[in-house]
Each structure stands twice: as C-alpha cells, then as structure tokens.
Amino acid sequence: MMGTHNLVAAAGPDSYIEVIAKDPAAEPPDRPRWFSLDDEIVELRLAASPRPLAWVLSTDDLDAAIESAATLGISLGRPLSMSRDDLHWRVAVRDDGQLDLGGAVPLVVEWPPGTHPASRMPDLGLRIREISILTESAARLSGLLDAFDLAARPEIAVPETRQTESLPEISVTLSVPGGQIITLS
C-alpha cells in the first residue's frame with residue numbers, strides 16, 4: 001500500500017524497532033508514502049545519514065486518539081486498516097504522508113486485543129531505553145501526549161538554537177547485547 005519494505009525486531013514483549021525504506025522493487029503507490037518518505041528534504045537528510053525519522057505510539061482506541069488530537073488542532077490522519085500475512089492492525093495516516101508538527105507527532109497504531117505482535121518478531125536483544133525529541137513544537141507535542149496514558153514518555157525539548165530546517169531531531173537510545181548503549185540520531 002505504501003511502496004515500502006521493512007525490517008523488524010522485538011525490543012521487549014510489547015515494543016519493537018522497525019526500519020522502513022522505499023521499496024525499489026515496488027510500484028510507486030497512488031498516494032504519498034507515510035513517514036514523509038516522498039518529501040525532498042527528508043530524502044536528502046536520509047541520503048546523508050540514515051536516522052530515526054519518526055516514532056510510533058500504540059493505542060487501544062485509534063478513533064478516540066484521532067479525535068483527541070483534533071481537539072488540540074493536531075492531525076494524526078485518518079484510520080487505515082492494514083495487514084501482512086495473518087497480522088492485522090489499524091493506523092492513522094494523513095493523506096499527504098506527513099506527520100504533524102513537522103514530524104514530531106507519532107504515528108499512532110491500534111493492534112487488535114491479545115498478544116502483542118512483538119512476541120512474533122526476532123528478538124536480537126535490543127531494548128529501547130529512551131526516545132528524545134527536539135522540536136520547536138515541544139509544548140504542543142507535550143499537550144498531545146498528556147491526552148494519552150503512557151507507561152513511558154519520550155523526553156521532549158526545544159532546541160537550544162533555532163533549527164535551520166523544520167524537521168525535529170529524534171534520538172533513540174538502545175541497549176544492545178553485551179551491555180553496550182548506543183544512540184541513533
């Protein structure tokens with residue numbers, strides 16, 4: 001549907017890491033790809049150095065999340081039903097493929113009740129320790145996250161110096177097998 005391919009790995013019983021890229025073997029979709037992958041600035045940034053481009057938040061009620069965000073003037077998109085093999089989920093995606101607040105807003109997904117799909121993914125021993133987001137829209141993003149009941153919340157801050165581009169800086173700190181800590185940014 002989005003003309004992308006991916007690699008996934010469990011990062012615990014209910015978390016996972018997903019690397020997504022344009023699939024050169026796929027026909028271009030009839031809509032903009034998610035995660036702003038068709039945006040020229042994003043393409044240039046990724047060509048210079050692969051990096052976290054977005055983060056994903058899970059909810060039990062996608063429709064309520066979309067509505068709650070809309071009351072704050074934030075667009076999560078519209079719900080799309082997606083599937084791969086025997087996995088089914090719903091995700092909010094804007095028609096333009098963008099994430100609101102310049103990309104600081106998470107992609108929101110609703111998995112069906114039951115065992116989280118991370119339990120079916122390869123577990124390479126990666127664990128997410130922290131997600132940090134530097135964005136000029138820190139106050140609005142914090143307001144959105146206040147509406148969700150999060151067990152863990154990303155660290156959100158305004159950059160010390162004004163960013164020259166509108167994209168947020170997303171960093172993900174991981175522990176890897178052997179106890180090493182790495183940060184992707």
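Residue Arg129 qualifies as open at atom CZ: its count of foreign heavy atoms under 6.0 Å is 12 or below.
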For salt bridge (charged side-chain N to carboxylate O under 4.0 Å, His left out), just list the numbers for Arg33 and Asp39, CA-CA rounded to whole Å, side-chain angles, deciding distance to a tenth of an Å, and then say yes or no.
CA-CA 9 Å; Arg33 289 174 178 90; Asp39 185 282; over 6 Å; no
Take Val93 and Met2 through the test side chain to side chain contact (heavy atoms under 4.5 Å, CB included) and record every step on the way to the result.
CA-CA 11 Å; Val93 180; Met2 296 290 176; 4.0 Å; yes
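Between Val91 and Leu107, some side-chain heavy-atom pair lies under the 4.5 Å cut-off.
Of all the heavy atoms in Met1 and Leu80, the pair that sits closest is CE-CD1, 4.1 Å. The shortest non-hydrogen separation linking Ile170 to Gly103 is CD1-O, 4.1 Å. Of all non-hydrogen atoms in Glu136 and Val158, the two that sit nearest each other are OE1-CG1, 4.1 Å. Annotation for Ala21 and Leu37: closest pair C-CD1, 4.4 Å, computed over non-hydrogen atoms.
With sequence neighbours left out, Glu43 forms a salt bridge (Lys or Arg N to Asp or Glu O under 4.0 Å) with Lys22. For Asp95, the salt bridge (Lys or Arg N to Asp or Glu O under 4.0 Å) partners are Arg78, not counting sequence neighbours.
Under the 4.5 Å side-chain heavy-atom criterion for Ile, Leu, Val, Met, Phe, Trp and Tyr, Leu87 and Trp34 are members of the same hydrophobic cluster.
Note that CZ of Phe35 and CG of Leu46 are 12.0 Å apart. Values are rounded to the nearest 0.5 Å. Note that CG of Leu53 and CG of Leu99 are 7.5 Å apart. Values are rounded to the nearest 0.5 Å. For the atom pair CG of Leu126 and CG of Leu174, the computed distance is 6.0 Å after rounding to the nearest 0.5 Å. Separation of atoms OG (Ser171) and CG (Leu134) is listed at 6.5 Å; rounding is to 0.5 Å.
Side-chain atoms of Ser68 do not come within 3.5 Å of backbone N or O of Ala64 as any donor-acceptor pair.
Looking at Asp86 and Arg120, a side-chain N of the basic residue comes within less than 4.0 Å of a carboxylate O on the acidic one, giving a salt bridge. Arg90 and Asp63 are joined by a salt bridge, as a carboxylate oxygen and a charged side-chain nitrogen come within less than 4.0 angstrom of each other.
Residue pairs meeting the ring pair (Phe, Tyr, Trp, His ring centres under 6.0 Å) criterion with at least one partner in residues 63-109, sequence neighbours excluded, are Trp89-Trp111.
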